[in-house]
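Okay, so here's the structure we're looking at.
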Number of protein chains: 2
Amino acid sequence: MDIIQVGDLTFQLDYSKPLYEQIISQFRFDIAQGNIPLGTRTLSVRDLAKELKVNPNTVMRAYQELERDNLFETRRGHGTFVTSSQKKVDELQRSLATQAVSSFVTSIKSIGFTKDSAITLIEEAEWN
Amino acid sequence: MDIIQVGDLTFQLDYSKPLYEQIISQFRFDIAQGNIPLGTRTLSVRDLAKELKVNPNTVMRAYQELERDNLFETRRGHGTFVTSSQKKVDELQRSLATQAVSSFVTSIKSIGFTKDSAITLIEEAEWN
DNA sequence: ACAATTGTATTATATACCATAATACACTTA
DNA sequence: TAAGTGTATTATGGTATATAATACAATTGT
């Protein structure tokens with residue numbers, strides 16, 4: 001479990017999931033939390049790759065998916081920027097939440113739990 | 001999306017996840033629901049593979065993981081049986097639920113949601 | 001105009017996982 | 001002994017992930 005400080009951001013990379021997915025998640029989280037001001041320019045593909053000790057292609061893949069999600073805006077020769085639109089951030093947050101909920105519902109149902117018992121489980125869960 | 005009836009059980013296989021995982025899930029679900037009486041003998045590795053149009057190795061992998069989970073008991077030359085212990089079924093159900101909850105909590109937190117808002121989302125979710 | 005810095009694309013290589021296929025072995029029962 | 005169990009092994013192929021090296025395209029600053 002590697003922990004890497006990059007400016008204001010903290011990246012935690014391991015091999016439990018693809019690296020590019022972890023990079024995506026951590027940007028999403030930091031944007032959703034306001035840890036990265038909207039409109040900020042990100043590190044370049046090459047620079048972030050260097051910091052994270054990861055291949056530039058891996059960072060590029062993450063940036064491209066974040067752009068497809070409308071969280072990033074990129075311009076050749078110019079750089080990559082976090083969107084300036086709070087609305088897009090909200091939209092993405094909602095859609096990711098919906099997805100998380102629906103995958104939870106699927107899996108908890110698939111082991112034979114009812115809605116009420118599932119809610120109880122969440123209420124009892126630790127939330128640090 | 002292939003739907004295959006095998007005796008009392010219905011298998012739905014697709015390519016969204018590994019086949020062996022889907023076989024495992026569906027056995028877990030049917031055992032948890034009581035769709036398979038405890039102590040029942042399952043189809044042999046070869047026979048289930050034939051029914052599902054899947055390689056015997058794939059079924060064997062599923063059976064082996066289910067045995068590690070204490071849901072299946074196998075005896076060479078004899079066959080594979082669903083555990084007779086309701087306690088083991090309950091234990092596994094609890095542990096799978098814990099895992100589902102914790103992975104939901106992780107992902108919903110990672111997009112910046114609080115516990116209360118997460119519970120609201122679950123309450124509003126469809127549960128068919 | 002030019003150099004430096006951006007994002008982007010391509011090709012090759014290595015590894016891991018998933019699935020199939022064919023075959024053989026080990027054990028139990030009828 | 002034959003038939004039906006689970007189990008193990010080896011080979012092959014496809015896909016996803018990650019790295020590496022290289023080149024191209026667009027923008028900016030000097």
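Sequence lines set the chain letters: A, B, ... in the order given, protein chains first and strands last, and positions in each chain run from 1.
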For B:A125 against A:V101, the heavy-atom pair lying closest together: CB-CG1, 3.8 Å

Any donor-acceptor N/O pair under 3.5 Å between D:dA18 base and A:N55 side chain: no

Whole angstrom value for the distance that separates P of C:dA14 from OH of A:Y15: 17 Å

Just the table, please: protein N/O against nucleotides 23-26 of chain D N/O, every pair under 3.5 Å.
{"from": "D:dA25", "atom 1": "O4'", "to": "A:R76", "atom 2": "NH1", "distance (Å)": "3.2"}
{"from": "D:dA25", "atom 1": "O3'", "to": "A:R76", "atom 2": "NH1", "distance (Å)": "3.0"}

Ring centroid separation B:F113 to B:F104 under 6.0 Å: no

Below 4.0 Å: OP1/OP2 of D:dA18 and any side-chain N or O of A:Y20: no

Selection: residues 57-74 of chain A, any non-hydrogen atom under 4.0 Å of DNA chain D: A:N57, A:T58, A:R61

Ring centres under 6.0 angstrom apart (B:F11, B:F27): yes

Atom pair distance, as rounded to whole Å: CG in B:L48 and P in C:dA19: 14 Å

Where B:V105 and A:W127 come nearest, the two heavy atoms and their spacing: CG2-CZ3, 3.6 Å

Atom CD of A:E91: over 12 foreign heavy atoms under 6.0 Å: yes

Per A:S44 side chain, nearest of listed nucleotides C:dT6, C:dT20, D:dT17: C:dT6

Point-to-point distance, once rounded to the nearest 0.5 Å, from CD of A:E65 to CD1 of A:I24: 4.0 Å

Nearest-angstrom distance from the residue atom CG of A:L52 to P of D:dA18: 12 Å

Gap between atoms CG and P, on A:L19 and C:dT15 respectively (whole Å): 17 Å

B:I108 CD1 to B:S117 OG distance, which is reported to the nearest 0.5 Å: 7.0 Å

Closest-nucleotide 5' rank along DNA chain D - winner of A:E21 and B:D47: B:D47

Short N-O contact, B:R28 and B:D69, less than 4.0 angstrom: yes

Nearest-Å distance for atom pair CG/C1', residues A:D14 and D:dT17: 14 Å

Length of the line joining A:K53:NZ and D:dT19:P, which is rounded to integer Å: 12 Å

Donor-acceptor side-chain pairing of B:D14 and B:S16 below 3.5 angstrom: yes

Nearest-angstrom distance from the residue atom NZ of B:K50 to P of D:dG4: 10 Å

Separation of atom CZ in B:F81 from atom C1' in D:dG4, rounded to whole Å: 12 Å

